[in-house]
Amino acid sequence: MEPASCAGAWCSSAYFKRVDLNIDWYKYMAAFEGCQRLGSPRSICQPGEEVFACRFIVYRLVCNFELAEIFMAQRGRPRAFDRDAALTSAMHLFWEHGFESTSLSQLKAAMGSGISAPSFYAAFESKESLYKEALDRYMEIYGHLTRSLHDPSLEPREAVFLALKRSAKMQWEGGHPKGCMVALGVMGACSSGSETITAMLRDVRSRTRAGFRTCVERAIKSGELRKSTNPASMAAAFDSFFLGLSVLARDRVRLAVVEESVVQAMGIWDAALDRSDHPG
């Protein structure tokens, strides 16, 4: 058989229908187009090995994700899954279970049947990269809750109170896991292989703690708090309360109780007020 006719025979759509591969038809067609470009298998194998070569080439063309995606892009075929929705699903899983306890199978199941392992790694590179994106998504949606700590237009005490109150409200809301992904993440990424994840979470927590300290320092400078007040210690006290909210949320403590506890926590601030001008 001449090369052209040989290629036509083993590259026919009927041949692809007989191949026992669990793959969508558009991928068969993508591989079919690729095989047509390759020509006859006789150029790459010994006589009598054409069938083996055909099956091998078909397998590689159909199952190689990157090549299939190139062909699909040329045909205008969209991805088989919604990346944005998949990222939100991953965020909720990491939020609920932590980095280490969330498995690849759980992630794929939450993203739907449209994503395969090759698709997962092509879209997100690795579980670690996916976690970073999920954390970024979390901060985009919920990072504003503590933005008051860095707002110089607010009175320092009000800034601290708003950060605690708003965060508590979010952590008890429905539609997502209870608690704070950043606070709970410290318990879900503590092994020797999770240093990068631990560092990312530490950076976010450090910014929040620094925000508490900035508020305290502003109040000391304005004369609201005593000059003897230790900014680092008071910031750590508020940060400890802030991080502890996540445990209360997971334990299903009533929100009304927690909101009252936020009011009580501000007693830490009030106890350090400078009353030197008001001795009575």
Quiz item: Would a 4.5 Å heavy-atom cut-off, applied to side chains only, mark Arg226 and Leu273 as touching?
Solution: no
Quiz prompt | Side-chain donor or acceptor of Lys178 paired with backbone N/O of Ala249 under 3.5 Å | solution = no
Self-check item: Leu135 side chain near Val182 side chain, heavy-atom distance below 4.5 Å
Solution: yes
Self-check item: Common cluster, Tyr142/Leu149, ILVMFWY with side-chain heavy-atom separation under 4.5 Å
Solution: no
Name each donor-acceptor pair under 3.5 Å that joins a side chain in residues 253-267 to protein atoms two or more places apart or in another chain, with its distance.
residue: Glu260; atom: OE2; partner: Gln264; partner atom: NE2; Å: 3.1
residue: Ser261; atom: OG; partner: Val258; partner atom: O; Å: 2.5

Quiz item: Between Glu217 and Arg213, is there a salt bridge with N-O shorter than 4.0 Å?
Solution: yes
Quiz item: Would you say Trp172 and Leu184 are hydrophobically clustered, going by side-chain heavy atoms of ILVMFWY under 4.5 Å?
Solution: no
Quiz item: Are Leu243 and Phe241 in one and the same hydrophobic cluster, where Ile, Leu, Val, Met, Phe, Trp and Tyr link if side-chain heavy atoms are under 4.5 Å apart?
Solution: yes
Practice problem: Would you check if His97 and Gln106 make a side-chain contact, meaning some heavy-atom pair closer than 4.5 Å? | Solution: yes
Quiz prompt | Closest non-hydrogen atom pair, Ala232 against Asn230 | solution = N-OD1, 3.0 Å
Quiz item: Is there side-chain contact between Val186 and Arg205, with at least one heavy-atom pair below 4.5 Å?
Solution: yes
Self-check item: CG on Leu107 to OG on Ser103, rounded to 0.5 Å
Solution: 6.5 Å
Quiz item: What is the minimum heavy-atom distance between Thr208 and Phe242, and which atoms define it?
Solution: CG2-CE2, 4.0 Å
Quiz item: With a 4.5 Å limit on heavy-atom distance, are the side chains of Met200 and Tyr131 in contact?
Solution: yes
Quiz item: Would Val216 and Trp269 satisfy side-chain contact (heavy atoms from CB on, under 4.5 Å), going step by step from the backbone distance to the final call?
Solution: CA-CA 9 Å; Val216 175; Trp269 185 283; 4.0 Å; yes
Self-check item: Heavy-atom pair with the smallest gap, counting every atom of Arg250 and Pro177
Solution: NH2-CB, 4.3 Å
Exercise. Give a yes or no answer on whether the side chain of Ser246 reaches the backbone of Cys180 with a donor-acceptor pair at less than 3.5 Å.
Key: yes
Quiz prompt | Phe94 CZ to Ile197 CD1 distance, which is reported to the nearest 0.5 Å | solution = 7.5 Å
Practice problem: Would you mind checking if Asp203 and Arg207 are paired as a salt bridge, meaning a charged N to carboxylate O distance below 4.0 Å? | Solution: no
Self-check item: Gap between atom CG of Leu154 and atom CZ of Arg218 - 0.5 Å precision
Solution: 7.5 Å
Quiz item: Is there a path from Phe124 to Tyr138 through hydrophobic residues (I, L, V, M, F, W, Y) whose side chains come within less than 4.5 Å of each other?
Solution: yes
Practice problem: Over all heavy atoms of both residues, which pair between Ala90 and Met111 is shortest? Give the atoms and the distance, please. | Solution: CB-CE, 4.1 Å
Quiz prompt | Non-hydrogen side-chain atoms of Phe212 and Met234 separated by less than 4.5 Å | solution = no
Self-check item: Main-chain N/O of Gly98 paired with Ser101 side-chain donor or acceptor, under 3.5 Å
Solution: no
Quiz item: Measuring from Arg137:CZ to Lys132:NZ, what's the distance to the nearest 0.5 Å?
Solution: 13.0 Å
Exercise. Mind checking the CD-CD spacing from Glu133 to Glu140? Nearest 0.5 Å is all I need.
Key: 9.5 Å
Quiz item: Should the pair His176 and Trp95 be assigned to parallel (<30°), tilted (30 to 60°) or perpendicular (>60°) ring geometry?
Solution: parallel
Quiz item: Taking Thr229 for the side chain and Leu225 for the main chain, is one N or O donor matched with an acceptor at less than 3.5 Å?
Solution: no
Which atom pairs, one a donor and one an acceptor, fall under 3.5 Å between side chains of residues 156-168 and the rest of the protein, sequence neighbours left out?
residue: Arg157; atom: NE; partner: Asp270; partner atom: OD1; Å: 2.9
residue: Arg157; atom: NH2; partner: Asp270; partner atom: OD1; Å: 3.4
residue: Arg157; atom: NH2; partner: Asp270; partner atom: OD2; Å: 3.0
residue: Ser167; atom: OG; partner: Gln171; partner atom: NE2; Å: 2.9

Quiz item: Same hydrophobic cluster for Ile268 and Leu245, using side-chain heavy-atom links shorter than 4.5 Å among ILVMFWY?
Solution: yes
Practice problem: Could you grab the distance from atom CG of Asp274 to atom CD1 of Ile220, nearest 0.5 Å is fine? | Solution: 10.5 Å
